Structures are given as structure tokens and as C-alpha cells.
Amino acid sequence: MDNVIIIGGSFAGLAAALQLGRARRKVTVLDTGLPRNRFAGRSHGVLGHDHKPPSEILAQARQQLARYPAIKLVNARADSISGTIDNFSVLTSDGESLGARRLILSYGVVDQMPAVPGFAESWGTSIIPCPYCDGFEVAGQHWGLVWSSPQSMNQVRLFHDWTDTLTVFADGHDVAPDIRADLASRKVPVVDGRITGIAPHGDHNAIIKLDTGPDVAVDILFAHPRNKPSASLHESLGLDTVNTPTGIAIKTDERRETSIPGIYAAGDLANPGIPSVTTATWQGAMAGIFAQQSMLA
């Protein structure tokens with residue numbers, strides 16, 4: 001039996017494994033090799049790894065974990081979980097049954113692309129979600145924002161630290177008159193109509209096709225599609241969740257423990273705030289440390 005099984009081997013899962021391996025706790029990491037940010041060419045704002053491809057950072061992390069004999073990396077999916085604290089059982093896609101005293105869920109989320117031609121193909125290049133991740137590289141250029149809710153106004157205020165040229169695309173949403181007046185005072189035009197297509201143009205540029213008017217070109221388009229957990233294990237376990245503007249997240253306490261004793265969660269799967277490589281790594285490290293401390297005699 002392992003001390004800990006980690007389900008999900010991207011930044012959060014590997015950070016948890018590192019802490020456990022250094023504490024000489026036996027840990028198995030199950031991973032399918034499909035991290036959320038695989039569509040991004042570079043990771044930004046990651047101390048010591050700024051502007052590196054995320055796949056390169058993860059590959060280097062796996063190489064570094066190889067020096068810890070207690071850590072085992074397995075390319076497999078976790079299909080089901082049963083048992084209770086100190087006696088969990090995980091059935092893998094290979095038909096293997098693994099036992100562990102603690103579990104860490106870090107299988108992340110997947111972004112749900114809208115059925116707009118060109119959107120999915122542009123995700124991570126012409127269409128991005130996070131100014132902290134990619135805003136510096138396109139600062140001072142013409143940005144577009146796909147309106148999703150009144151909370152999008154927070155993005156408008158935020159974006160002014162990077163650019164003074166911003167266009168809002170209502171995309172069929174009703175933008176209230178008082179919000180329109182606020183946008184006008186900030187010299188932010190609102191383009192009505194639904195987006196019917198995205199045509200990438202160059203490294204970042206995008207041409208936005210609309211059903212009620214001419215195409216609009218921007219240098220970069222920001223959008224916030226809804227997301228969902230990349231697996232349903234938390235549902236079968238009945239873990240408590242919290243609602244976020246774009247989806248649900250697993251609820252954890254300050255020690256990263258979920259509503260079921262002995263099960264911890266970290267990364268985008270359990271982050272109702274600002275998801276990033278940095279926060280995922282921090283949460284994963286904390287989950288590993290607190291899981292280890294919970295097993296002290």
C-alpha cells in the first residue's frame with residue numbers, strides 16, 4: 001500500500017509528489033498526459049521558468065522526481081475510488097487496484113469551447129483567458145473581450161494596466177445601460193451581435209466575424225469559456241464543491257483537505273480564484289505537506 005496516490009500529474013500533482021518524496025513517503029502519481037495548458041506555447045509569470053513552454057517545465061520536473069525512489073509515475077487513468085481514510089482503493093484504466101492511506105486529487109479541468117468556428121483552433125494563441133499569463137507580450141495593442149456576464153466589467157478595469165485600446169464584444173448578452181455608459185466613459189466601444197466565427201491572422205491577431213455587422217480585427221481576444229473537471233471522481237465520492245463564474249471547484253479547507261477525511265485536492269480543480277501554474281504548484285505542495293503531516297504517528 002502507498003502512503004499517497006495522486007490523481008493528476010501536472011503542476012499541482014508533481015509539486016505534491018515532490019514534497020512527499022522528500023519526506024520519504026511512498027507515492028504513486030497517475031496521469032493521462034493531457035494538462036490544461038497544453039495549448040499554450042509559453043508559461044509566463046512562473047518564477048525561474050518565465051517564458052518557457054509548459055511541456056518543457058513539466059518534463060524537467062519529472063526528470064527531477066526520478067531521483068526520489070519513493071515516487072512512482074504511472075501513465076494511467078483513475079477510473080474509480082472506494083474506501084475510507086487509511087484504506088483507499090483506486091482502480092486504474094489498466095485494471096490495476098492500488099491502495100493508499102491518503103489521496104490527492106489534482107486532475108484539473110478542461111475548458112469547454114463554444115460551438116463557434118475557429119474558436120477551439122485559436123485557443124491559446126489568438127484567444128487567451130488570462131492577462132497575467134500572456135498580457136505583457138501583447139501590451140499596448142488592440143485587445144478584444146468577449147462579454148460573458150456583468151463580472152466582465154472587472155476585466156475591463158483590469159485590462160487598462162496593459163492597454164488603452166479595448167473593444168467589448170457583447171456576443172448576444174444584454175449589457176445594461178449603466179454599464180454601457182461606464183464603458184463609454186472609458187472609451188471602450190461595445191460591438192453588438194453574436195460572434196459567428198474566429199479567423200486567426202498572424203501570431204496573435206484575430207478577425208471576429210459577427211452576425212449583425214462587419215468583421216472586427218483585434219490583436220488579441222480574451223474570452224472566458226466555462227470549464228468542467230476533467231474527471232468525475234469527485235462526483236462519485238460526493239465531495240463538496242463551490243460555484244465559480246466559469247464552473248465548479250472542489251471545496252477544501254486551509255489544509256487542502258476536502259469534505260471527506262484523507263482526500264486532498266489542489267490545482268485548477270480546487271481553485272475558485274485565479275488559476276495559474278504558480279497557484280497550482282503552491283496548492284500542490286501544501287496538499288503534499290499536509291497529507292504527510294496527517295499520517296504522523
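Predicted model only: the values in this text are computed from it and were never measured.
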Residues that A176 engages under side-chain contact (heavy atoms from CB on, under 4.5 Å), provided they are two or more places apart: D178, I179

Contacts of type side-chain contact (heavy atoms from CB on, under 4.5 Å), residue W162, not counting sequence neighbours: P131, Y132, A139, W143, L158

Looking at [X] and [Y], what are the two nearest heavy atoms and their distance?
X	Y	result
M153	R186	CE-NE, 3.3 Å
G13	S106	CA-OG, 3.4 Å
T212	D192	OG1-O, 3.5 Å
Q141	E137	NE2-O, 3.9 Å
V29	A17	CG2-CB, 3.8 Å
A61	L14	CB-CD1, 4.0 Å

With the 4.5 Å side-chain cut-off for hydrophobic clustering, are [X] and [Y] part of the same group?
X	Y	result
Y68	F11	yes
L65	L58	yes
I71	L98	no
V190	I220	yes
L73	I5	no

Would you be so kind as to tabulate the donor-acceptor pairs closer than 3.5 Å made by side chains of residues 288-297, with sequence neighbours excluded?
{"from": "S294", "atom 1": "OG", "to": "R102", "atom 2": "NE", "distance (Å)": "2.8"}
{"from": "S294", "atom 1": "OG", "to": "Y264", "atom 2": "OH", "distance (Å)": "3.3"}
{"from": "S294", "atom 1": "OG", "to": "A291", "atom 2": "O", "distance (Å)": "2.7"}

Taking the side chain as every heavy atom from C-beta outward, state whether [X] and [Y] have any atom pair closer than 4.5 Å.
X	Y	answer
H224	P245	no
L239	I260	yes
H44	H51	yes
I195	L210	yes
V168	V188	yes
F88	I263	yes

Just by modelled atom types, is the [Y] backbone N or O under 3.5 Å from a matching donor or acceptor in the [X] side chain?
X	Y	answer
R256	A270	yes
E257	G262	yes
D253	R255	yes
R38	S55	no
H49	I57	no
D2	V27	no
W282	G284	no
T281	V277	yes

With a 6.0 Å cut-off (strictly less than), is the heavy-atom count around [atom1] of [X], excluding the residue itself, greater than 12?
X	atom1	result
R194	CZ	no
R24	CZ	no
R22	CZ	no
K228	NZ	no

Members sharing I248's hydrophobic cluster (side chains within less than 4.5 Å): none

Nearest 0.5 angstrom please: [X] [atom1] to [Y] [atom2], how far?
X	Y	atom1	atom2	value
D219	T165	CG	OG1	8.5 Å
I7	S230	CD1	OG	10.5 Å
T92	D79	OG1	CG	7.0 Å
T28	L20	OG1	CG	11.0 Å
N243	K251	CG	NZ	11.5 Å
S152	R157	OG	CZ	11.0 Å

Donor + acceptor pair across side chains of H142, T167 (<3.5 Å): yes

side-chain contact (heavy atoms from CB on, under 4.5 Å) between L105 and I81, worked out: CA-CA 11 Å; L105 306 183; I81 297 172; 4.1 Å; yes

Working for side-chain contact (heavy atoms from CB on, under 4.5 Å), residues H234 and Y107: CA-CA 10 Å; H234 60 287; Y107 47 80; 2.8 Å; yes

CA sep, side-chain torsions, deciding dist, call: C133, I128, side-chain contact (heavy atoms from CB on, under 4.5 Å): CA-CA 9 Å; C133 300; I128 56 178; over 6 Å; no

Residues forming a ring-ring contact (aromatic ring centres under 6.0 Å, His included) with F136, sequence neighbours excluded: none

Atom pairs and distances, side-chain donor-acceptor, residues 108-122, under 3.5 Å, sequence neighbours left out:
{"from": "D111", "atom 1": "OD1", "to": "R36", "atom 2": "NE", "distance (Å)": "3.4"}
{"from": "D111", "atom 1": "OD1", "to": "R36", "atom 2": "NH2", "distance (Å)": "2.7"}
{"from": "D111", "atom 1": "OD2", "to": "R36", "atom 2": "NE", "distance (Å)": "3.0"}
{"from": "E121", "atom 1": "OE1", "to": "G118", "atom 2": "N", "distance (Å)": "3.3"}
{"from": "S122", "atom 1": "OG", "to": "G118", "atom 2": "O", "distance (Å)": "2.7"}

Passing option when F222 is tested against V146, L166, D134, L145 for side-chain contact (heavy atoms from CB on, under 4.5 Å): L145

Residue that, paired with L221, satisfies side-chain contact (heavy atoms from CB on, under 4.5 Å) out of N205, V216, I198: I198

